[in-house]
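Beneath this line is the structure, given in structure tokens, with notes to follow.
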Amino acid sequence: MSKNAVLVINCGSSSLKFSLIKPETSELIVSGIAERLLTKDAFIKTKYNGVKDQQSLSGNFDHEAALEKIVEFLLENKLDKDLVGVGHRIVHGGEAYSQPTLVTEEVKEGIENLAKLAPLHNLVNLTGILASEKAFADLPQVTVYDTAFHQTMPEKAYLTGLPYHFYKDHGVRNYGMHGTSHYFVTKQAAEMLGKPYEESSFISAHLGNGCSITAVENGRSVDTSMGLTPLAGVVMGTRSGDIDPGIIFHLVDKLGYSVDDVNRILNKESGLLGISGMSNDCRTIEDAVVNDNDERANLTMDIFCYRIAKTIASYTAALTHLDGIIFTGGIGENSNLVRERVGKSLKLLGVEIDPERNLAARFGNSGKISTDSSHNCWVIPTNEEQVIAEQTFALIQQEK
Ligand code: AMP
């Protein structure tokens, strides 16, 4: 039997998520995460054959050591024999990488160079590639970029209001993120509608710790809310999203914050966390709204949902028709309160959320949440790992 499984790796600064997937059948064989890497509390969790396991990784485990542990696990369970290659999620591909790409020395250099646009992500993604090359020396390594799906955006959407030379000389433009997720859920929606992907248009809202909204026309991303970095767009767990750029000068010149302070405030101390003063976790805020009638939690929810609705409504300017609106990501898939409030603000657009359908679409359930007379609204759980596995597999087959 030919080899048909792909190991998907998604490296964060202190974590390494992995999945072993058979892309042709969408079978998830193993999933797991190594967390708190580079600390004395590092541990690895795996789920295989319905059995969950957790082991602590003593001695300052890094990404390389975590990958060695994963190799050990695959060997122990004789899962290595089906492995055809490794697919890596890379956050920033700039303009150079609009397609899945086989790792070469040049590609690694490219990812490193693009770290100037995504310093928090690209370098750690590269660490994952280097560690994986050591662990799986005989296997092809493929990179799949979060920005790639948005490379179809027209100039009017990806250029900013800055002087043109910043784009020409330094690549300063909107790139967008979460592309793999937006692609997956919009493709699923087209399948649910029974319409060819190339003829259908959607607005998808990926709402998780990071949030982005994308307009997809005829299977191509035509606008998205994240920009040069994942800080742009709607309010997120700890990120402010769009603010008046003048606020930055005000914080620095008038209130005495350093540029590093402002960077930290906008990325780590704002959003749901900063407004509520409570948590970056939507569950905690929702709980305070529903059970404690907490005023600030309610305001936080209002700001969060209004900004999402406003962005969705603005994307009608990017589309010629609309087949439906999709909610995905941890919040989009689980929070009926967020979906209900977003829906209420979109009444003029012809959106009406059905309370019962909305309540039923929770905890991984997908489905239509709008009334029959409304524009279609769906909850569709995302599966970025499946897309990375499919694209990795396809590229490896093509290169054979
Ligand atoms: P993600 O980044 O897509 O994994 O989403 C993570 C976020 O989803 C968490 O920070 C929570 O805010 C949110 N989330 C997860 N489960 C729920 C839930 N049942 N209700 C509301 N929000 C949730």
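Quick note: numbers below take in every heavy atom, side chains included, and nothing from hydrogens, waters or symmetry partners. Numbering of ligands and ligand atoms starts at 1, following listing order. We count residues from 1, following the sequence as given.
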Heteroatom proximity flag, His206 to ligand 1, N/O under 3.5 Å = no

Atoms of ligand 1 less than 4.0 Å from Gly208 heavy atoms?
-> 1 (P), 2 (O), 3 (O), 5 (O)

Would you say ligand 1 has an N or O under 3.5 Å from any N or O of Leu207?
-> no

Got an N/O contact under 3.5 Å between Cys282 and ligand 1?
-> yes

Does His92 offer a backbone N or O that forms a donor-acceptor pair with the side chain of Thr147 under 3.5 Å?
-> no

Can you find an N/O atom of Asp281 closer than 3.5 Å to an N/O atom of ligand 1?
-> yes

Mark up the atoms of ligand 1 that fall under 4.0 Å of a heavy atom belonging to Asn209, in ascending order.
-> 1 (P), 2 (O), 5 (O), 6 (C)

Which residue from Leu337, Asn334, Val338, Asn336 reaches closest to atom 16 (N) of ligand 1 through any of its heavy atoms?
-> Asn334

Without hydrogens or angle criteria, can the side chains of Ser181 and Thr382 be said to hold a donor-acceptor pair below 3.5 Å?
-> yes

Atom indices of ligand 1 within 4.0 angstrom of Ser335 heavy atoms, with elements = 21 (C)

In terms of atom number and element, which parts of ligand 1 are under 4.0 angstrom from non-hydrogen atoms of Ile331?
-> 8 (O), 12 (O), 13 (C)

Do any N or O atoms from the side chain of Glu112 and from the backbone of Asn122 form a donor-acceptor pair under 3.5 angstrom?
-> no

Shortest non-hydrogen contact between Leu319 and Phe202, atoms and distance = CD1-O, 4.1 Å

Before giving the answer on side chain to side chain donor-acceptor pair (under 3.5 Å), spell out for His63 and Thr127 the whole-Å C-alpha distance, their side-chain angles and the decisive distance to 0.1 Å.
-> CA-CA 7 Å; His63 292 83; Thr127 307; 5.4 Å; no

Under a 4.0 Å N-O cut-off, is there an ion pair linking Arg283 with Glu286?
-> no

Basic-acidic side-chain contact under 4.0 Å: Glu340, Lys344 | yes

